[in-house]
Amino acid sequence: MAAAAAAARCLMLRPSPPTEATKTPSSVHASSSATPLPLRAAASPSSARRLRPMPLRCSSPPSGGSAEPGLAVLLEVEGVLADVYRFGYRQAFNVAFQNLGLDCANWTEPIYADLVRKSSGDEERMLVLFFDRIGWPTSLPTSEKGSFTKRVLSEKLKALEKLSASDDLPLRPGVEKFIDDALSEGVPVAILATYGRNGEKISRSIVEKLGPERTSKLNIVGKDEVERSLYGQLVLGEGVASSLDEQLTKEVQKAASAEKQRIAEEVASLLKLSVDINTASKSSEKIIATLRAGAEYVGCNVQNCILVAGSQPSVIAAERIGMPCIVVRSSLTARAEFHSAKAVMDGFGDTDLTVSKLLSKRWS
């Protein structure tokens, strides 16, 4: 009876046309005088043949630093720098419901947690489960349910973009001190802004909360940085100028069988890289490319970088390339298990993840 009454009230009072979510990258830029610059793409066929990788050795720590040689830290954004699942997604959905005039829809924390659990975090599925439960808008034809959910998600993304730039979405407690401690110990730090669920613009808005002075000392790795990396040039085919390099890149891209994988590895070995392709999803390949680019930007081998991750796909991708991984749980992953992670922490700080703990344990 209550569900029927809720359904009767669920009217789109103020429908508005769907709008594409803005995907313009933010203006956050990273520069670091303590780390080597990534190799840029060749400018001409003659110079492309002389393409050489940067030395994959971590920079020496600054005066007074005590970092062990060959150690760097890569940090994810969503779930690690900020718990966007707790302070962003639910609130953004509620704003989207208000903007669409859905007076029957308001997600409390228990409702949101239940939907996440039953849908495994699939947002479109969350909307279907919710409106199946309380009733769809009475003016909505059955054939338009799919377009309706996409419209809600578009509004949600716009709301999240505004929220991520506001003080209502805070950084996780202790993460700023963790970064400062790493830098003071001479440990290079990279922030991976490429593969967040809701796009790079939101990730970079969260990174900006670290402040310009701090971010100027970090390596911010976005889509452009991945494409400019040596791994990106070889595997993704970005910025390679000579016809020979183009042919080799295409061979790497098309490699699907074991024999082609062997050929790709031989090509990559000439550039002192390892290539592992076409055995994972497109999303996993994107994460792997970002991890490898991050390692290049901090000047370390992947085995000497420690990824601080917040999601299972990232843990799996790190395991595939031999990068040690530590998980920092968020509200979304509070009960999840990460069997291949070297450690699982609840946050940053004395009882959780600290730089001193990283330096005292060498994972490889």
Side-chain angles (χ1 to χ4, degrees), residues 1-26 77-79 82-170 195-206 281-283 311 313 330-334:
M1 185 73 69
R9 294 194 304 272
C10 191
L11 300 175
M12 291 195 294
L13 301 182
R14 299 184 302 278
S16 58
T19 305
E20 289 288 331
T22 303
K23 296 183 179 179
T24 304
S26 72
V77 177
E78 294 186 5
D83 191 346
V84 294
Y85 314 109
R86 179 181 180 186
F87 297 105
Y89 288 5
R90 182 180 67 85
Q91 293 87 335
F93 269 113
N94 285 336
V95 172
F97 296 147
Q98 292 173 8
N99 290 343
L100 293 172
L102 300 170
D103 60 348
C104 66
N106 182 63
W107 287 358
T108 62
E109 286 195 20
I111 290 176
Y112 181 76
D114 181 61
L115 292 171
V116 169
R117 179 178 59 82
K118 291 181 177 178
S119 67
S120 299
D122 185 318
E123 294 183 337
E124 190 166 347
R125 180 61 180 160
M126 289 168 65
L127 290 169
V128 172
L129 289 172
F130 178 70
F131 286 107
D132 278 349
R133 181 187 305 171
I134 72 162
W136 293 79
T138 56
S139 61
L140 183 70
T142 303
S143 61
E144 295 183 11
K145 287 182 178 180
S147 60
F148 168 75
T149 57
K150 287 180 172 57
R151 182 177 173 186
V152 175
L153 292 176
S154 177
E155 286 292 328
K156 173 254 180 182
L157 182 59
K158 290 192 295 183
L160 186 59
E161 287 176 351
K162 293 181 180 179
L163 185 63
S164 65
S166 72
D167 294 335
D168 293 330
L169 181 57
Y195 54 84
R197 179 183 296 186
N198 290 280
E200 186 172 330
K201 180 178 180 179
I202 289 174
S203 293
R204 286 186 177 267
S205 291
I206 294 172
S281 66
K282 186 175 181 179
S283 174
S311 65
S330 66
S331 57
L332 182 67
T333 59

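We're numbering straight along the sequence, starting at 1. Just so it is clear, the structure is predicted and the values come from calculations on it, not from any experiment.
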Shortest non-hydrogen contact between Y112 and Y85, atoms and distance: CE2-O, 3.7 Å

Shortest non-hydrogen contact between L115 and S119, atoms and distance: O-OG, 2.7 Å

Non-hydrogen side-chain atoms of Y89 and L160 separated by less than 4.5 Å: yes

Side-chain heavy atoms of F87 within contact of D168, under 4.5 Å: no

pair K145-V128: side-chain heavy atoms closer than 4.5 Å: no

Steps toward side chain to side chain contact (heavy atoms under 4.5 Å, CB included) verdict (R125, K118): CA-CA 9 Å; R125 180 61 180 160; K118 291 181 177 178; over 6 Å; no

Any E144 side-chain heavy atom under 4.5 Å of W136 side chain: no

S205 side, atom OG; E200 side, atom CD - distance, nearest 0.5 Å: 10.5 Å

Heavy-atom check, side chain of F130 versus side chain of V152, under 4.5 Å: no

F131 and F97 aromatic ring geometry - parallel, tilted or perpendicular at 30°/60° bounds: perpendicular

Student check: side-chain heavy atoms of L129 and D114 closer than 4.5 Å: no

Heavy-atom side-chain proximity of L102 to P137 below 4.5 angstrom: yes

Heavy-atom closest pair, residues P141 and S139: CD-O, 3.4 Å

Closest non-hydrogen atom pair, A82 against I206: CB-CG2, 3.8 Å

Electrostatic pair K158-E155, nearest N-O below 4.0 angstrom: yes

Nearest non-hydrogen partners of L169 and D83, listed with the distance: CD1-O, 4.3 Å

Atom pair CZ/CD of R86 and Q91 - distance to nearest 0.5 Å: 9.5 Å

Student check: side-chain heavy atoms of L127 and F148 closer than 4.5 Å: no

Separation of N106 CG from I111 CD1 (nearest 0.5 Å): 7.5 Å

Residue D132 excluded, over 12 heavy atoms near CG under 6.0 Å: yes

Heavy atoms of other groups near R90 CZ, more than 12 under 6.0 Å: yes

Closest non-hydrogen atom pair between A96 and K156, with its separation: CB-N, 3.5 Å

Spacing of CZ belonging to R151 relative to CG belonging to L140, to within rounding of 0.5 Å: 9.0 Å

